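One structure below.
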Amino acid sequence: MLLRQFTRAPNNMNLIRRIATNAILKNQTVTTNIDYNQLVLVDVNDKNGYATVTLNRPPVNSFNLELMMALSRALDQVERNNSRGMILTSIIPNIFSTGFDIRELYQADERRLREFWSVLQDCWFKLYGSTYPTAASINGHNPAAGCFFALCCEYRAMVRNSKLGISGARLGISIPLPMIYTMRSVISTRQTELALTTGTLFTSDDALKVGLIDDIATDRSDAFAKCEAFLDRFKDIPPVSRGYTKRSVRQKDMEEIAANRQRDTDEFVRAVLNPEAQSSFAAFLGK
Ligand SMILES: CCCCCCCC/C=C\CC(=O)SCCNC(=O)CCNC(=O)[C@H](O)C(C)(C)COP(=O)(O)OP(=O)(O)OC[C@H]1O[C@@H](n2cnc3c(N)ncnc32)[C@H](O)[C@@H]1OP(=O)(O)O
C-alpha cells in the first residue's frame with residue numbers, strides 16, 4: 001500500500017488585512033495578518049519583518065491543486081511585501097505535510113493534473129529562487145512533496161521523532177528533476193542519489209547526520225525560534241547583494257528546469273496515469 005510503509009479554496013484574490021488591535025501592549029509582537037484564502041496563512045511580524053507562511057489544510061496538509069495555488073499566491077504575497085525573511089510551517093501539531101493528496105492523483109483529469117504540476121513548478125521557482133532568506137519549521141512528519149518544499153528553503157529545523165524524505169522509489173516512481181536538483185542543493189550528489197533511489201525516510205537524527213536538516217527541535221515553538229535565529233543571521237547583511245548571490249548560486253538549476261518545464265510536466269502526467277501507480281492510489285484510498 002502506498003506510503004503506509006512510512007509509519008503510520010477557493011480562488012479568492014481578495015486579501016483581508018487585519019492589524020492586531022492589541023499591539024499597544026508592551027512587548028507584544030505586532031503582526032499584520034494577511035488571511036489569503038485560509039488554506040495558507042501569511043502572517044507578517046512587524047517587529048522583525050519576517051513572514052510566516054503556514055500550511056492550513058487539515059487533517060494532514062496534503063497538497064491538492066487548491067493548496068498548491070494558495071501556496072503559490074502566498075509566496076507572491078511575501079515577495080510583494082518585501083519581507084525580511086520567511087518561515088514555512090504547518091498548523092497541524094505533528095504533521096508538516098503528507099505530500100500530494102492521493103485523491104488528486106487517483107483517476108485524475110489530465111488537464112487538472114497538468115495544472116497541478118505547473119503550479120508546483122511555479123511554487124518551486126518562487127521559493128527556490130526567492131531572494132529573501134527562507135527557513136522551514138518542520139513541526140512533524142514530512143514525507144514527499146512537503147519535504148521538497150522544505151528543502152527549497154535555506155535552513156530547516158525539525159522536531160524530534162518526525163520523518164522526512166522523498167520515498168517515491170519504493171512505489172516505483174521516478175523522481176522529477178526539480179526534486180532532484182533541490183535535494184542536491186542541500187546534500188551531496190552521492191547522498192541525493194542514495195536517498196532518492198532507496199526512497200529513504202530519515203529519522204530526525206539521520207536527517208541531521210546527512211545534512212538534510214540543520215537542527216533538531218524539542219517542539220514546534222523551539223523549531224520556530226531556531227528558524228527566527230537563522231533569519232536573524234542576515235539582519236546586518238545588505239539584502240539586495242545577499243539575494244543576488246543566492247540567486248546566482250541557484251541560477252543554473254533554475255535555467256535547466258525552465259528549459260525543461262514541458263517535458264517535466266509530461267513525465268509527471270505519464271507517471272501518475274500509469275496503471276501501476278493508479279493501483280497504488282486505489283489501494284491507499286481503499287478502493
Ligand atoms: C505518482 C507520480 C508522482 C510523480 C512524482 C512524485 C515524486 C515523489 C514525491 C511526491 C509524491 C507524493 O507526495 S505522494 C504522497 C506521499 N505521501 C504519503 O504516502 C503519506 C501517507 N500518509 C501517512 O503515511 C500518514 O498519514 C502519516 C504518517 C503522515 C500521518 O499518520 P497519522 O496516523 O497521523 O494520520 P493518518 O494516516 O490517519 O491520516 C489521516 C487521514 O488523512 C489521510 N491521508 C494521509 N495522507 C494522505 C495523502 N497523501 N493523500 C490523501 N489522504 C491522506 C488518511 O488516509 C486519513 O484519512 P481517513 O481519516 O479518512 O482514514
Side-chain angles (χ1 to χ4, degrees), residues 1-8 39 55-68 71 90-110 112-121 123-124 138-152 158-159 161-184 192-193 195-204 212 220 257 260-261 263-287:
M1 180 177 288
L2 196 73
L3 293 201
R4 290 293 174 181
Q5 54 194 310
F6 165 55
T7 64
R8 255 251 39 159
L39 288 175
L55 303 175
N56 178 35
R57 186 171 182 252
V60 290
N61 276 339
S62 57
F63 279 91
N64 65 353
L65 176 59
E66 286 72 23
L67 179 59
M68 202 69 88
L71 176 61
S90 141
I91 208 153
I92 298 158
N94 61 341
I95 295 177
F96 185 87
S97 163
T98 60
F100 295 162
D101 188 332
I102 304 302
R103 290 163 300 188
E104 189 67 71
L105 308 179
Y106 177 62
Q107 295 189 341
D109 168 68
E110 184 172 334
R112 187 173 157 100
L113 210 49
R114 285 186 181 278
E115 192 179 358
F116 177 76
W117 194 253
S118 170
V119 181
L120 175 141
Q121 290 170 328
C123 287
W124 183 79
I138 306 173
N139 53 293
H141 295 308
N142 193 13
C147 168
F148 166 61
F149 288 124
L151 290 175
C152 290
M158 181 164 94
V159 298
N161 299 325
S162 307
K163 289 206 171 185
L164 169 96
I166 297 180
S167 51
R170 299 188 193 189
L171 311 170
I173 295 171
S174 43
I175 307 302
L177 278 183
M179 295 185 178
I180 294 173
Y181 286 10
T182 302
M183 188 176 277
R184 204 183 54 189
T192 298
E193 188 178 293
L196 294 179
T197 55
T198 55
T200 305
L201 287 169
F202 293 85
T203 61
S204 29
L212 275 175
R220 63 183 295 135
I257 297 300
N260 289 298
R261 269 191 90 145
R263 199 187 65 190
D264 187 45
T265 307
D266 292 342
E267 281 174 10
F268 169 72
V269 169
R270 207 183 50 232
V272 172
L273 298 181
N274 174 290
E276 249 178 63
Q278 287 294 317
S279 311
S280 301
F281 305 149
F284 182 92
L285 297 172
K287 304 274 182 193

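Below, each value reflects all heavy atoms present in this structure, side chains not excepted, and no hydrogens, waters or symmetry copies. Whatever order the structure lists them in is the order used to number ligands and atoms, beginning at 1. Everything numeric here is computed off the predicted structure, so don't read it as measured data.
A pairwise comparison of heavy atoms in P58 and N61 identifies N-OD1, 4.3 Å as the closest pair. In terms of heavy atoms, S97 sits closest to P143 at O-CD, 3.1 Å. Taking every heavy atom of both residues into account, L212 and L164 meet most closely at CB-CD2, 4.0 Å. Nearest heavy atoms, R103 versus S62: NH2-OG, 4.2 Å.
Residue P176 approaches ligand 1 through these ligand atoms, each under 4.0 Å from one of its heavy atoms: 5 (C), 7 (C). Near F268, meaning under 4.0 Å from one of its heavy atoms, ligand 1 places the atoms 3 (C), 4 (C). Taking every heavy atom of V60 and a limit of under 4.0 angstrom, the matching atoms of ligand 1 come to 39 (O), 40 (C), 42 (O), 44 (N), 45 (C), 46 (N). Shown in contact with F281 at under 4.0 Å from a heavy atom are these atoms of ligand 1, numbered in order with element: 1 (C). In the vicinity of G99, heavy-atom distances shorter than 4.0 Å reach the ligand 1 atoms 13 (O). Which parts of ligand 1 touch A145 is read off a 4.0 Å heavy-atom cut-off, strictly below it: atoms 10 (C), 13 (O).
Checking each of F149, F100, F96 against F63 for a ring-ring contact (aromatic ring centres under 6.0 Å, His included) leaves exactly one that passes, namely F149. Each of T265, D266, D109 was evaluated against R114; a single residue qualifies, D266, per the side chain to side chain donor-acceptor pair (under 3.5 Å) test.
Remark: R184 qualifies as a cation-pi partner of Y181 under the 6.0 Å distance and 45° angle criteria applied to the six-membered ring.
Residue contacts with ligand 1 for S167 are absent, since no atom lies close enough (heavy atoms, distance under 4.0 Å). No part of F63 comes within 4.0 Å of ligand 1, judged by heavy-atom distances. Contacts of W117 with ligand 1, taken as heavy-atom pairs under 4.0 Å, are absent altogether.
The shortest N or O to N or O distance between F284 and ligand 1 is not below 3.5 Å. In terms of polar-atom proximity, defined here as any N/O pair under 3.5 Å, M179 makes no such contact with ligand 1.
Of the listed options I95, N64, N274, I95 places a heavy atom closest to atom 34 (O) of ligand 1. Across the listed options G165, G140, A271, A144, A144 owns the non-hydrogen atom lying nearest to atom 10 (C) of ligand 1. Checking I166, N94, T98 against atom 29 (C) of ligand 1, the nearest heavy atom belongs to T98.
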Go through N64 and E66 one step at a time and tell me if the side-chain hydrogen bond (donor to acceptor under 3.5 Å, both in side chains) criterion holds. CA-CA 5 Å; N64 65 353; E66 286 72 23; 3.1 Å; yes
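T197 places a side-chain N or O within donor-acceptor distance of the main-chain N or O of E193, the cut-off being under 3.5 Å.
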